Amino acid sequence: MGSIKSNYFNMLLVQKQLIEALKNGLSSLFEIQANDLVLQETKKEFEGSYTFVVFPFTKQAGLAPAAIAEKLGQFVLENYSGVKKFQVVQGFLNFSFTDDVWINALNKIIEGSQKFSLDKKGEKVLIEYSSPNTNKPLHLGHLRNNFLGFSVAQILDAAGYDVIKTNLVNDRGIHICKSMLAYQLTGQGETPESSGIKGDHLVGKYYVAFDQLYKSEIDVLIKQGIDPEKAKKEAPILLKAQDMLLAWENGDQEVMDLWKTMNTWVFAGFEKSYAQMGVNFDKIYRESNTYLLGKKLVDEGLKEGVFYQKEDQSVWINLEEEGLDEKLVLRKDGTSVYITQDMGTAQLKFEDFGAKKSIYVVGNEQDYHFEVLFHILKKLNKPYSHGNFHLSYGMVDLPSGKMKSREGTVVDADDLMAEMVQTAKERTMELGKTDGFTEEASNELYQQLGMGALKYFLLKVDPKKRMMFNPEESIDFQGNTGPFIQYTHARICSITRKAMESGIDLMNRHANGVELAVTEIDLIYILGQYKSIIETAAEAFSPSLIAMYAYDVAKQFNKLYNELSILKEEDENKRNIRLTLADITGKTIQHAFSLLGIVSPNKM
RNA sequence: GGCUUCAUAGUUCAAUGGAUAGAAUGUAGGUUUCCGGUACCUAAGAUGAAGGUUCGAUUCCUUCUGAGGCUACCA
């Protein structure tokens with residue numbers, strides 16, 4: 001079990017008082033001044049709620065662990081009336097509390113549930129995510145990126161930051177020209193309207209077409225006896241694409257027109273995909289607008305001696321002191337490279353928003369690139385150079401192996417989302433759950449369930465880790481899945497609806513003296529952790545912590561639901577406490593899921 | 001080759017240096033009164049290998065084995 005890390009403010013009163021009592025105990029019994037005491041959750045097999053580990057104090061106290069624990073436990077029991085009993089197991093000191101302590105905690109949680117978000121910090125954070133290329137449609141990897149970026153933005157917002165969401169679209173470069181060239185050669189004036197193909201998919205089709213043409217040209221050259229490496233570099237169609245890039249950079253009218261037209265198609269397609277994903281941005285940047293900006297920074301850096309120029313006029317930075325190599329920042333012909341653009345974009349974003357913290361949601365294959373970028377910004381001594389963080393996420397693997405766009409083994413984002421929604425529809429209709437629904441309401445529900453399943457599946461895993469995407473498991477609605485939690489929420493709504501119809505006030509404070517069951521205490525315990533979880537998830541940029549927490553809450557509630565009656569409980573005090581617990585559980589799930597970008601329907 | 005990330009039940013995922021390594025799924029059983037059974041309960045099942053540091057190692061260090069990624073005047 002993990003420790004309970006949290007700033008003091010978000011802790012329950014129980015924890016605060018226990019920590020104070022332990023501090024006093026340590027100082028008056030052993031003259032040990034300890035500042036940051038950490039509590040742990042007591043493991044299920046042992047009695048108690050919080051555990052204090054005394055091993056670290058054995059030397060200072062000069063006693064065996066069990067002896068320290070015994071004395072300390074006795075001290076706390078005598079000085080803090082909320083403690084019911086303590087137990088010593090080796091060096092572990094376990095505390096149990098009175099029911100009144102938990103009822104007070106519940107009352108505190110009721111107040112807190114009016115507003116789950118933490119207080120405003122008055123600090124801006126910029127988050128850049130999505131960052132698609134405009135030469136092909138989005139795939140599964142982009143889904144992880146978009147869901148992650150959006151969710152982290154939501155979490156930071158809930159943690160009190162002022163969040164700005166940006167998207168840097170890569171709309172220029174040789175890869176874009178490849179689609180354009182293939183279209184010029186074989187497109188015959190096809191448009192999204194004429195073909196009925198979504199714009200980004202249509203452009204992607206020509207990107208694939210280019211690759212096929214390119215490969216067949218290479219084959220021909222190789223058969224003519226040309227060295228394969230040479231053939232790859234000299235295939236006519238590739239040379240044409242390079243020419244086209246030059247023409248683009250020179251503003252050639254025909255090329256620009258085609259580029260604009262095809263970009264318009266792609267953007268229209270992306271708009272639809274983003275709408276379906278439920279993500280959005282405060283500002284979209286395009287590399288075609290920002291790629292020249294970095295040059296100014298290179299000039300500055302040259303004057304300050306951060307960069308240096310080689311004989312051929314190319315500009316470099318030496319990062320050997322940082323354990324890296326020399327890195328090129330400007331080509332010998334004066335054109336910018338990828339990192340030059342990113343320097344420029346960083347500067348531009350800072351000028352636009354003035355945020356000193358910046359998060360880049362980009363795959364881990366670019367770890368090195370961002371390491372270099374952040375070092376460069378530091379050397380340039382920029383005001384925003386110390387708040388940069390590369391939220392590096394792992395690749396999504398398929399059971400069949402790695403996704404490779406050129407080999408056609410990618411899972412298309414639009415297809416997958418449609419499939420998830422369709423599956424949700426089939427499952428729900430089999431169960432006859434939407435019988436009283438209008439068609440519109442049903443379709444909305446299928447959206448929420450299908451997308452909920454997909455988002456939860458991708459977000460429950462630690463972002464840093466590589467993950468396996470198994471299509472069959474992702475559409476599972478049982479176990480640790482989005483729909484399981486959504487179902488728990490819907491069931492709670494049904495209960496609270498009935499309670500409200502009979503005029504029960506769910507948000508009332510509860511009086512002391514009611515006896516609580518273990519499952520009730522466990523649920524109060526978990527519900528009381530929510531704000532700390534938000535805080536931790538924000539620090540770690542980790543939606544998976546929120547996802548796991550929501551699952552724990554749902555499971556703990558289902559356990560209670562099976563063991564105890566809620567509406568049918570005859571003792572009014574007990575019934576009201578359980579109704580309050582149900583209500584707060586529902587609200588907590590709903591809020592946690594909103595941080596993941598998932599909707600929790602009231603009925604399903 | 002150099003740098004880097006990862007390796008946990010059959011499978012997919014958890015575990016600030018702490019107790020008997022948790023879930024889910026799958027398998028085998030089970031649930032008097034079911035407020036919504038997409039639920040709940042029980043059982044079997046795992047730290048790649050070898051060393052080291054520590055009262056204590058899945059976690060930190062070293063070596064090995066295996067799998068990714070980076071190593072472009074592409075983006």
Side-chain angles (χ1 to χ4, degrees), chain A residues 1-5 38 40 42-46 51 53 55-56 58-59 64-65 89-92 94 131 133 135 170 172-176 245 287 291 310 312 314-316 323-325 328-339 341-342 363-369 371 392 394-395 397 399 402 427-428 430-431 433 449 457 460-462 464-470 473-474 476-481 483-488 490-495 498-499 536 544-545 547-548 551-552 554-555 557-569 575 578-579 582 603-604:
Chain A
M1 290 297 108
S3 62
I4 298 148
K5 263 203 239 163
V38 180
Q40 297 187 20
T42 303
K43 297 200 88 174
K44 266 193 267 170
E45 309 87 61
F46 300 96
T51 295
V53 182
F55 288 109
T58 47
K59 277 183 189 162
V89 183
Q90 297 166 38
F92 300 91
N94 303 331
S131 313
N133 290 337
N135 62 333
N170 173 9
R172 62 170 289 276
I174 187 79
H175 52 296
I176 313 289
L245 182 61
E287 283 192 4
Y291 82 105
K310 288 195 176 176
D312 65 0
S314 59
V315 182
W316 298 72
L324 306 173
D325 289 333
L328 178 102
V329 293
L330 208 61
R331 294 192 192 105
K332 63 185 172 197
D333 61 6
T335 57
S336 57
V337 292
Y338 182 35
I339 203 132
Q341 295 172 32
D342 272 2
N364 64 9
E365 69 274 12
Q366 294 195 32
D367 284 354
Y368 183 70
H369 170 79
E371 200 181 341
S392 161
M395 218 175 327
D397 286 321
K402 208 189 146 177
R427 301 275 173 112
T428 308
E430 275 172 29
L431 294 165
K433 294 278 187 180
L449 295 180
F457 190 90
K460 74 178 173 187
V461 181
D462 182 343
K464 290 190 291 293
K465 293 203 171 173
R466 243 178 117 159
M467 68 176 291
M468 176 70 72
F469 182 82
N470 186 328
E473 273 176 36
S474 68
D476 220 325
F477 285 15
Q478 285 169 39
N480 187 358
T481 67
F484 164 79
I485 298 167
Q486 284 170 318
Y487 176 76
T488 304
R491 181 202 254 165
I492 288 169
C493 286
S494 164
I495 295 170
K498 284 181 185 165
T536 311
S544 73
L545 295 176
M548 289 189 286
Y551 180 58
D552 284 342
K555 254 196 329 190
F557 177 81
N558 282 333
K559 197 169 176 180
L560 182 146
Y561 179 85
N562 264 274
E563 274 178 29
L564 305 169
S565 296
I566 298 176
L567 283 170
K568 290 183 177 173
E569 170 61 44
R575 187 193 64 199
R578 285 170 202 169
L579 280 169
K603 283 184 186 177
M604 61 184 274

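Throughout, a chain's letter reflects where its sequence line sits, starting with A, and its residues are numbered from 1. Nothing here was measured: the structure is a model prediction, and the numbers come from that model.
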Exercise for the section: Would you state whether a donor and an acceptor, one from the side chain of A/Asp312 and one from the base of B/C73, lie under 3.5 Å apart? Expected result: yes
Practice task
Please confirm whether any donor atom in the side chain of A/Thr51 sits under 3.5 Å from an acceptor in the base of B/A19, or the reverse.
Solution key: yes
Problem - Aromatic-base stack, A/Phe92 on B/G18, cutoff 5.5 Å, angle under 30 - result: no
Practice task
Mind checking A/Ile176 for me? I need base, sugar-phosphate or nothing, with any heavy atom below 4.0 Å counting as a touch.
Solution key: nothing
Exercise for the section: Report the nucleotide, chosen from B/G22, B/A75, B/A19, that has the shortest atom-to-atom distance to any side-chain atom of A/Lys44. Expected result: B/G22
Exercise for the section: Please state the C1' separation for the pair B/G26 and B/A7 - nearest whole angstrom. Expected result: 23 Å
Exercise for the section: Would you kindly give the CE-to-C1' distance between A/Met395 and B/A7, to the nearest whole Å? Expected result: 16 Å
Problem - Backbone of A/Asn135 reached by a side-chain donor or acceptor of A/Asn133 within 3.5 Å - result: no
Handout entry: Non-hydrogen side-chain atoms of A/Thr428 and A/Met604 separated by less than 4.5 Å
Key = no
Exercise for the section: Return the 5'-most residue of the pair A/Asn133, A/Met467 with respect to RNA chain B, ranking by each residue's nearest nucleotide. Expected result: A/Met467
Problem - Close side-chain approach of A/Arg491 to A/Asn558, heavy-atom, < 4.5 Å - result: yes
What are the atom names and distances for every N/O pair under 3.5 Å that joins the protein to nucleotides 24-34 of chain B?
unit_1 : atom_1 : unit_2   : atom_2 : d
B/A24  : O2'    : A/Asn480 : N      : 3.4
B/C34  : OP1    : A/Lys568 : NZ     : 3.2

Exercise for the section: Report the distance from atom CD of A/Gln40 to atom C1' of B/U59, rounded to the nearest whole Å. Expected result: 14 Å
Practice task
Kindly point out which of B/U20, B/G36, B/C73 is positioned nearest to the side chain of A/Arg331?
Solution key: B/C73
Practice task
For A/Asp333, answer base if it contacts any base atom (sugar-phosphate contacts may also be present), sugar-phosphate if it contacts only those atoms, and nothing otherwise; contact means non-hydrogen atoms under 4.0 Å.
Solution key: nothing
Problem - Pairwise side-chain contact, A/Val53 with A/Phe92, heavy-atom cut-off 4.5 Å (strictly under) - result: yes
Exercise for the section: Count the heavy atoms of every other residue, nucleotide or ligand shown that sit under 6.0 Å from NZ of A/Lys310, and state whether that count exceeds 12. Expected result: yes
Handout entry: Side-chain (A/Lys498) to main-chain (A/Leu567) donor-acceptor, under 3.5 angstrom
Key = no
Practice task
Between B/A50 and B/C55, how far apart are the C1' atoms? Round to whole Å, please.
Solution key: 24 Å
Exercise for the section: Identify which nucleotide among B/C13, B/C55, B/C73 has an atom closest to any side-chain atom of A/Leu328, counting heavy atoms from C-beta outward. Expected result: B/C73
Exercise for the section: State which of B/G18, B/G36, B/C13 makes the closest approach to the side chain of A/Met468. Expected result: B/C13
Practice task
Could you state the atom-to-atom distance from CG of A/Asp325 to C1' of B/A72 in whole Å?
Solution key: 13 Å
Practice task
Answer with base, sugar-phosphate or nothing: what part of the nucleic acid does A/Ile174 contact at a heavy-atom distance below 4.0 Å?
Solution key: sugar-phosphate
Problem - Separation of the P atoms in B/A15 and B/G52, to the nearest angstrom - result: 28 Å
Problem - Span that lies between the P atom of B/C41 and that of B/G22, in whole angstrom - result: 16 Å
Practice task
Rounded off to whole Å, could you give me the CD1-to-C1' distance for the A/Ile492 and B/A39 pair?
Solution key: 12 Å
Practice task
Pick base, sugar-phosphate or nothing for A/Ile339, based on heavy-atom distances below 4.0 Å to the nucleic acid.
Solution key: nothing
Practice task
Provide the distance between the two P atoms, one in B/G66 and one in B/G48, to the nearest whole Å.
Solution key: 16 Å
Problem - Residues A/Ser392 and A/Asp367: side-chain donor-acceptor under 3.5 angstrom - result: yes
Handout entry: Protein-nucleotide distance (A/Phe557, atom CZ; B/U38, atom P), rounded to Å
Key = 15 Å
Exercise for the section: Scan A/Asn558 against the nucleic acid and name what it touches under 4.0 Å (heavy atoms): base, sugar-phosphate only, or nothing. Expected result: sugar-phosphate
Problem - For atom CE of A/Met604 and atom P of B/G37, their distance in whole Å - result: 13 Å
Practice task
Tell me what A/Glu287 touches on the nucleic acid: a base, only sugar-phosphate, or nothing, going by heavy atoms under 4.0 Å.
Solution key: sugar-phosphate
Problem - Nearest-nucleotide pick for A/Lys559, side chain only, options being B/C41, B/U38, B/C73 - result: B/C41
Practice task
Identify whether any heavy atom of A/Phe477 sits under 4.0 Å from a base atom; if not, whether one sits that close to sugar-phosphate; answer base, sugar-phosphate or nothing.
Solution key: base
Fill in the blank from the handout: By nearest-nucleotide position on RNA chain B, the 5'-leaning member of A/Asp367 and A/Arg172 is A/Asp367
Exercise for the section: Report which part of the nucleic acid A/Ala499 touches: base, sugar-phosphate, or nothing (heavy-atom distance under 4.0 Å, all strands). Expected result: nothing
Practice task
Whole angstrom is fine here: how far is it from CD in A/Gln486 over to C1' in B/G37?
Solution key: 18 Å
Handout entry: Ring-on-base stacking B/C70 with A/Tyr368 (under 5.5 Å, under 30°)
Key = no
Completion exercise
Shortest non-hydrogen pair, A/Ala582 vs A/Ile492, comes out as O-CG2, 3.0 Å
Practice task
May I ask you to test the A/Asn364-A/Lys464 pair for a side-chain heavy-atom distance under 4.5 Å?
Solution key: no
Practice task
Compare all side-chain heavy atoms of A/Met467 with those of A/Phe457 and state whether any distance is below 4.5 angstrom.
Solution key: yes
Practice task
Pick base, sugar-phosphate or nothing for A/Asn94, based on heavy-atom distances below 4.0 Å to the nucleic acid.
Solution key: base
Exercise for the section: Looking at every strand, decide which applies to A/Ser392 at a 4.0 Å heavy-atom threshold: base, sugar-phosphate, or nothing. Expected result: nothing
Handout entry: Heavy-atom pair with the smallest gap, counting every atom of A/Val337 and A/Val329
Key = CG2-O, 3.9 Å
Handout entry: Pairwise C1' distance for B/U59 and B/G17, with rounding to whole Å
Key = 7 Å
Practice task
State yes or no: are the ring centers of A/Phe484 and A/Tyr551 separated by less than 6.0 Å?
Solution key: yes
Practice task
Whole angstrom is fine here: how far is it from CD in A/Gln366 over to C1' in B/G69?
Solution key: 11 Å
Problem - Heavy-atom check, side chain of A/Tyr368 versus side chain of A/Asp325, under 4.5 Å - result: yes
Practice task
Can you tell me which stems RNA chain B forms, taking runs of 3 or more consecutive Watson-Crick or G-U pairs with both distances under 3.5 Å?
Solution key: B:1-7 with B:65-71, B:10-13 with B:22-25, B:27-31 with B:39-43, B:48-52 with B:60-64
Exercise for the section: Check every atom of B/G36, B/A14, B/C73 against the side chain of A/Met548 and return the nucleotide holding the closest atom. Expected result: B/A14
Handout entry: Side chain proximity check, A/Leu560 to A/Ile566, heavy atoms < 4.5 angstrom
Key = yes
Practice task
Between B/A14, B/U12, B/G18, spot the one nearest the side chain of A/Asp462, thanks.
Solution key: B/A14
Completion exercise
Winner on side-chain proximity to A/Lys465, out of B/C35, B/A19, B/A14, is B/A14
Exercise for the section: Look at the side chain of A/Glu365 and decide which nucleotide, out of B/C70, B/A75, B/A14, has an atom nearest to it. Expected result: B/C70
Exercise for the section: Could you measure between the two P atoms, the one in B/U62 and the one in B/A28, and give it in whole Å? Expected result: 46 Å
Completion exercise
Regarding the side chain of A/Arg491, the nearest nucleotide among B/G22, B/G68, B/A39 is B/A39
Handout entry: Pairwise C1' distance, B/U65 and B/G51 [rounded to whole Å]
Key = 15 Å
Exercise for the section: Mind checking A/Lys433 for me? I need base, sugar-phosphate or nothing, with any heavy atom below 4.0 Å counting as a touch. Expected result: base
